[in-house]
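Every value quoted in this text rests on a predicted model; they were computed, and no experiment measured them. Below, chain A is the first sequence line, B the second, and so on; all start at residue 1.
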Amino acid sequence: MADKITSRENDYSQWYLDVIKSAKLADYSPVRGCMIIRPNGYALWENMKEALDGMFKETGHQNAYFPIFIPQSFLAREADHVEGFAKECAVITHSRLKVDEEEGLIADPASELEENLIVRPTSETIIWDTYSRWIQSWRDLPILINQWANVVRWEMRTRLFLRTMEFLWQEGHTAHATEQEAIDETLTILDVYAKFAEEYMAVPVLKGVKTASERFAGAVETYCIEALMQDGKALQAGTSHFLGQNFAKAFDCQFQNKNNELEYVWATSWGVSTRLIGALIMVHSDDAGLILPPRLAPVQVGLVPIYRSDEDRENVLAAAREIEQELKAVGIRIHIDDRDGFRPGWKFAEYEVQGVPVRLAIGPRDVQNGTVEVARRDSGEKTSTPREGLADRMTEILESVQQGLFEKALAHREANTTTVESYDEFKQVLEEKGGFIRMHWDGTEETEKRIKDETKATIRLIPMEGYEEAGVDPVSGNPSKGYVVFARAY
RNA sequence: CGGGGUGUAGCGCAGCCCGGUAGCGCGCGUCGUUCGGGACGACGAGGUCGUGGGUUCAAAUCCCGCCACCCCGACCA
């Protein structure tokens, strides 16, 4: 008997945790705030990684790897950066342990490090230290590097996938000769992220710019994609930062331009993390468990063979293998659950809770009739269909599931995006409905903070499209350049 | 860092108030019957009761300390 999943209506955040547990995506670790990513979760991450990695390479980037340890002094070089990250750094002070007679195993005082090391919370500092040695001339630019890595941020409050102390991510760090080129890079990546979210994750996203208070520590401008979860809360799904010359100046990274002048290098950084898995869960899944978009699902089609006698078993499994070959031939990831000792109903339930997009079942009756049962995870719809032409039909169904998930999520977002003209209306919508709320904003940090303090809603982004529409900020009464998007966020 | 909660078999929990043989469900092992939506029976394995101390003839249970984790909130990808 599987664990019961709390309904979304009953307790959304418990539901989220239940889905992760039932679908065997992750587990808690012995250390607070850290998670064990189980094979189901990791396979999902690998698929995300593969798709993104391809897109990065397509846009001219290369992978590299920088060390996990950073000299403590590096962090202090960029003022905003240190302020943003200092409070959540794991610090390494010793290099070995020893057995103390009274206290047992302790850090050996004799091994105290000359300089503390920090476990990277992000790699700007060590990378810009490196770039300063790699870059001398305009001919050395641009540098377009990405790395797949783990980072550690000593968070007060953690949630599986959404915020863990250690998480997996990719971080791109690019160096450019001109400001415009760096800005273009920032936006190129933002588009890559949006495309990935929508086409692979089937999660519609808004693209925009963060306000100063929500900006990355050390950035000149932070661009982001924001998604809306089923409970009406927003989730930042990816960020792309234009860093200006801040890090180049902090790490003294200059180059000689074509006019023989020394200039500081222009920088960007950008990242998405295993948090995307959290987004995926919260956007699509239901009370029966996980629902995965076919393009990312580790198993796209799960096949359950049904038999009683040995003879049936042989015939059914033979048919199952044929189907497997046909589907594999058209590039479908199919898995046959041929384990004896598990009954079909159990297997159905397992595929369901694990979010496998389509489930097939084939038994003696089907073998005789040349049919197979097809069940869609998204709609629950079950049909019996001829084996003839199955591969093509499966391709269509998977495409239709992928499309359907996106459309459903988009419809949800649209139904939960409200434009308001007064602060009272804003508060009312926030309480009763949640979601994205568009409202005029005067552009001041003061107003932004007041709204946040009073309602817990933050400006998720200043939209990149359709922003210029002058009006009045209903909170301050001051003029506004356009509507910005508010929400309560994870 | 504030609030709440929990530590007893692999997992979920009861037992604690009122001290005296450590229990239930799921899972696990063997055998048999089953198998088209999470099957059933029989037998069986599995526990330093988070940890240190105290009270007592006797502590999972009472007292004191410590540790850990989870959930909610503030802060943050």
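B:rA22 and B:rU48 are spaced 13 Å apart, taking the P atom of each and rounding to whole Å. Taking atom C1' on both nucleotides, B:rC35 is separated from B:rU8 by 37 Å, rounded to a whole Å. Comparing the same atom, C1', in B:rG4 and in B:rU34 gives a spacing of 47 Å after rounding to whole Å. B:rC63 and B:rA59: their C1' atoms are spaced 11 Å apart (whole Å). When the C1' atom is used for both B:rG41 and B:rU21, the distance is 29 Å, rounded to whole Å. With C1' as the reference atom, B:rG12 and B:rC28 are 15 Å apart, rounded to whole Å. Across B:rG20 and B:rU56, the matching C1' atoms stand 12 Å from one another, rounded to whole Å. Rounded to whole Å, the separation between the C1' atoms of B:rA9 and B:rA77 comes to 39 Å.
Ionic pairing of A:K21 and A:D27 is not present here: no N-O contact between side-chain nitrogen and carboxylate oxygen is shorter than 4.0 angstrom.
To the nearest angstrom, P of B:rC70 lies 16 Å from CG of A:D18. Atom CG in A:L160 sits roughly 12 Å away from atom C1' in B:rC71 (whole-Å rounding). Nucleotide B:rU34 holds its C1' atom 15 Å from the CZ atom of A:F342, rounded to whole Å. Between the CZ atom of A:R32 and the P atom of B:rC71 there is a distance of 11 Å, rounded to whole Å. Regarding A:W346, its CH2 atom lies at a distance of 13 Å from the P atom of B:rG38, rounded to whole Å. Atom CG in A:D340 sits roughly 17 Å away from atom C1' in B:rC31 (whole-Å rounding). Taking atom CD1 on A:I5 and atom P on B:rG12, their separation rounds to 16 Å, with Å as the unit. For the pair A:E373 CD and B:rG37 C1', the interatomic distance rounds to 9 Å; values are reported in whole Å.
Applying the Watson-Crick and G-U wobble criteria (two distances, each under 3.5 Å), B:rC49 pairs with nothing in any strand. Pairing for B:rA60 is absent, judged as Watson-Crick or G-U wobble with the two contacts each under 3.5 Å. In this structure B:rC17 sits in no base pair that meets the Watson-Crick or G-U test at under 3.5 Å. Pairing for B:rC31 is with B:rG41, a Watson-Crick or G-U wobble pair whose two hydrogen-bonding atom distances lie under 3.5 Å. Nucleotide B:rG10 forms a pair with B:rC26, judged by Watson-Crick or G-U wobble geometry with both contacts under 3.5 Å. Using N1 to N3 plus N6-O4 or O6-N4 for Watson-Crick, or N1-O2 and O6-N3 for G-U wobble, each under 3.5 Å, B:rU55 pairs with nothing.
Between A:W346 and A:F342, the angle of the ring planes lies from 30° to 60°, which puts this pair in the tilted group. Using bins of under 30°, 30° to 60° and over 60° for the plane-to-plane angle, the ring pair A:F251/A:F74 lands in the perpendicular bin.
No hydrogens or angles were tested; on distance alone, a donor-acceptor pair under 3.5 Å links the side chain of A:K382 to the base of B:rG37. One donor-acceptor pair, N or O on each side, does fall under 3.5 Å between the base of B:rG37 and the side chain of A:R359. Residue-to-nucleotide contacts include no donor-acceptor pair under 3.5 Å from the side chain of A:E352 to the base of B:rG38.
No hydrogens or angles considered: nothing links the side chains of A:E314 and A:Y307 as a donor-acceptor pair under 3.5 Å. No side-chain donor-acceptor contact under 3.5 Å links A:K433 and A:Q428. With hydrogens and angles left out, the side-chain atoms of A:E185 and A:H61 include a donor and acceptor closer than 3.5 Å. Looking only at atom types and distance, the side chain of A:S240 has no donor-acceptor partner in the side chain of A:T186 under 3.5 Å away. Looking only at atom types and distance, the side chain of A:T6 has a donor-acceptor partner in the side chain of A:D18 under 3.5 Å away.
Position along RNA chain B of the nearest nucleotide to A:Y28 versus A:G363 favours A:G363 as the more 5'-ward residue. Heavy-atom distances to RNA chain B give each of A:G33 and A:P364 a nearest nucleotide, and the one nearer the 5′ end belongs to A:P364.
Counting non-hydrogen atoms under 4.0 angstrom, A:R343 reaches a base of the nucleic acid.
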Summarise protein proximity over nucleotides 72-77 of chain B in one line of letters, 5' to 3': B for base, S for sugar-phosphate only, - for none, counting protein heavy atoms closer than 4.0 Å.
BBBSBB
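Open room surrounds CZ on A:R308; 12 or fewer heavy atoms of other groups in view lie less than 6.0 Å from it.
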